[in-house]
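What follows is a set of notes on a single structure, which appears directly below.
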Amino acid sequence: MINQPNTQLQKRNAEELPSALAEFDMILASKKPAVFLDYDGCLTPIVKEPDMAILSPQTREVLRDLANVCPVAIVSGRDRQNVQKLVQLDNLYFAGSHGFDISGPDKLHTEPGGAAAALPALDNAELALKNKLQAIAGTLVERKRYAIAVHYRNVADAQVNEVETIVDTVLSDHPQLKKGLGKKVFELKPNLDWHKGKAVFWLLDELHLNKPDIVPIYIGDDITDEDAFAALQGIGVGILVGAHDEKSAAGYSLKGVAEVQIFLQKLTETIKQRHA
Ligand SMILES: O=P(O)(O)OC[C@H]1O[C@H](O[C@H]2O[C@H](CO)[C@@H](O)[C@H](O)[C@H]2O)[C@H](O)[C@@H](O)[C@@H]1O
């Protein structure tokens, strides 16, 4: 399998994407899956505060069962240690800070995107953001090892522009960082050519899964997941959960967290049946 930028990306609106449940047989075909999952909006519903996004025991069981029959990785914008604590499973791989911080079974731990040099800029920007945003009610600055999320979900609509102006001002003092967008969040991240899609291919190579009998399946709901959908287009399968504000490079869709769970259960059952 060759990982080269796809210059002919096909993008569609969420409502144009076929259901991954309806097309399940086509997605898996006769291949073995390697499953990559976003956390917020995919395994847990989007809620008011990041700390309230708790994984249900039922979803944890679904993940545990799946990870017993195929490789499973969580690829999140969250801090890697934070998402690991939320998931509480030790047979999964975790890529946090949008793929800059990866760990997994057998003491795997690496920071493949080269973001360590951006730590002083992140520390400095975090202080500046906390200081400048404290006057705007509802803002939340969430520091991850290699990113800073400025949440505005609980900010009055009339003040969101003010939040973005502050983020842009802090950004202009830190050329080592760049701005990213997500669901009601502005993010500052290292200004490097590394993202969830590159983290997925890093894992595929590291785990010797970059081969024709494996189908990488990536499921996510947000704009940052588009990097992974784009990287996998024509090579694997991208599944968009719900919708975001832009067109998607995913090939299929699922309606929400409940459908993600059904899809993952179907995967586990199908793999088990093949080995029965
Ligand atoms: O890549 P993900 O695992 O989906 O992480 C993306 C961001 O998710 C979290 O924020 C989002 O979910 C929160 C809880 O539902 C919600 O309150 C917030 O508005 C969303 O943006 C997380 O807090 C961020 O660090 C992640 O980057």
Side-chain angles (χ1 to χ4, degrees), residues 1-14 17 20 33-43 46 71-80 83 93-102 110-115 118 122 144-149 171 176-207 209-210 214-254 260:
M1 198 190 298
I2 301 165
N3 173 25
Q4 287 193 335
N6 184 347
T7 47
Q8 306 235 301
L9 266 187
Q10 194 195 10
K11 292 200 171 196
R12 284 176 286 177
N13 293 317
L17 300 172
V35 181
F36 299 88
L37 298 158
D38 172 45
Y39 185 82
D40 293 275
C42 175
L43 296 175
I46 294 292
V72 178
I74 308 293
V75 185
S76 177
R78 283 182 182 255
D79 184 75
R80 194 254 311 155
V83 72
Y93 296 86
F94 292 89
S97 291
H98 301 285
F100 280 108
D101 183 4
I102 297 180
T110 182
E111 297 184 343
L122 285 163
K144 291 84 74 80
R145 180 158 170 80
Y146 289 124
I148 307 164
L171 180 66
Q176 306 91 332
L177 306 180
K178 64 180 172 186
K179 189 166 104 181
L181 301 177
K183 291 190 168 167
K184 306 271 184 194
V185 68
F186 303 115
E187 294 231 39
L188 293 190
K189 337 181 204 190
N191 192 2
L192 294 165
D193 184 22
W194 192 262
H195 49 63
K196 287 181 169 190
K198 297 219 169 184
V200 167
F201 274 93
W202 188 92
L203 278 163
L204 286 171
D205 287 337
E206 174 71 15
L207 304 178
L209 297 168
N210 203 343
I214 301 287
V215 55
I217 300 177
Y218 187 99
I219 311 181
D221 73 311
D222 210 344
I223 291 167
T224 59
D225 299 310
E226 288 300 325
D227 290 319
F229 296 148
L232 286 174
Q233 202 173 86
I235 295 167
V237 173
I239 303 176
L240 177 68
V241 184
H244 52 62
D245 294 341
E246 296 176 10
K247 285 192 166 194
S248 178
Y252 300 90
S253 70
L254 288 169
V260 171

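Note that the structure is predicted; figures quoted are calculated from it, not measured. Position 1 is the first residue of the sequence, and the numbers go up from there.
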- Side chain proximity check, K144 to H98, heavy atoms < 4.5 angstrom: yes

- Test item: D79 side-chain N/O and R145 main-chain N/O as donor-acceptor pair under 3.5 Å: yes

- d(L192 CG, F100 CZ) to nearest 0.5 Å is 5.0 Å

- Note on the structure: Quick note, ring pair (Phe, Tyr, Trp, His ring centres under 6.0 Å) partners involving residues 219-247, not counting sequence neighbours, are Y218-F229

- For residues V237 and L232, report the shortest heavy-atom separation together with the two atoms involved. O-CD1, 4.2 Å

- Message: Looking at every non-hydrogen atom in both residues, tell me the closest pair between W194 and G99 and how far apart they are.
- Response: NE1-O, 2.8 Å

- Contacts of V185 meeting side chain to side chain contact (heavy atoms under 4.5 Å, CB included) (sequence neighbours excluded), chain-then-number -> A149, H151, E187

- How long is the gap from CG on D222 to CG on D227, to the nearest 0.5 Å? 11.0 Å

- Query: Are K183 and D40 within salt-bridge range, i.e. N to O under 4.0 Å?
  - Reply: no

- Query: Which residues pass the side-chain hydrogen bond (donor to acceptor under 3.5 Å, both in side chains) test with D101, sequence neighbours left out?
  - Reply: R80, H109

- What pairs with T224 under side-chain hydrogen bond (donor to acceptor under 3.5 Å, both in side chains), at least two apart in sequence or on another chain? K196

- Task: Could you please spell out the steps behind the side chain to side chain contact (heavy atoms under 4.5 Å, CB included) verdict for L43 and I74?
- Result: CA-CA 10 Å; L43 296 175; I74 308 293; 3.7 Å; yes

- Query: So how far is it from D38 CG to I239 CD1, rounded to the nearest 0.5 Å?
  - Reply: 12.5 Å

- Query: Just by distance, do the side chain of K198 and the backbone of G113 share a donor-acceptor pair under 3.5 Å?
  - Reply: no

- Note on the structure: In this structure, CZ of F94 is separated from CD1 of I102 (nearest 0.5 Å) by 12.5 Å

- Residues two or more places apart in sequence or in another chain: which of them pass side-chain hydrogen bond (donor to acceptor under 3.5 Å, both in side chains) with K247? none

- Could you tell me which non-hydrogen atom of L254 sits nearest to which non-hydrogen atom of A20, and how far apart they are? CD2-CB, 3.8 Å

- Can you name the nearest heavy-atom pair linking A95 to A199, along with the distance? CB-CB, 4.5 Å

- Message: Tell me every residue that passes salt bridge (Lys or Arg N to Asp or Glu O under 4.0 Å) with D245, counting only those two or more places apart in sequence or in another chain.
- Response: none

- Query: Is L209 close to L203 at the side-chain level, that is, under 4.5 Å between some pair of heavy atoms?
  - Reply: no

- Mind checking ring-ring contact (aromatic ring centres under 6.0 Å, His included) for F186 and listing every partner two or more places apart, or none if nothing turns up? Y152

- Message: For Q10, is there any backbone N or O sitting under 3.5 Å from a side-chain donor or acceptor partner on Q233?
- Response: yes

- Please name the pair of heavy atoms, one in A231 and one in F201, separated by the smallest distance, quoted to 0.1 Å. O-CE1, 3.5 Å

- Message: Among residues at least two apart in sequence or on other chains, which ones pass side-chain hydrogen bond (donor to acceptor under 3.5 Å, both in side chains) with D205?
- Response: N210

- Item | Qualifying residues under side chain to side chain contact (heavy atoms under 4.5 Å, CB included), relative to L171, sequence neighbours excluded | L177, K179, L188

- Message: If you compare all heavy atoms of P216 against all heavy atoms of L204, which two are closest, and at what distance to 0.1 Å?
- Response: CG-CD1, 3.9 Å

- Yes or no on side chain to side chain donor-acceptor pair (under 3.5 Å) for Y93 and E206, after CA distance, side-chain angles and deciding distance? CA-CA 11 Å; Y93 296 86; E206 174 71 15; over 6 Å; no

- Roughly how far, to the nearest 0.5 Å, is CZ of R12 from OG of S248? 8.5 Å

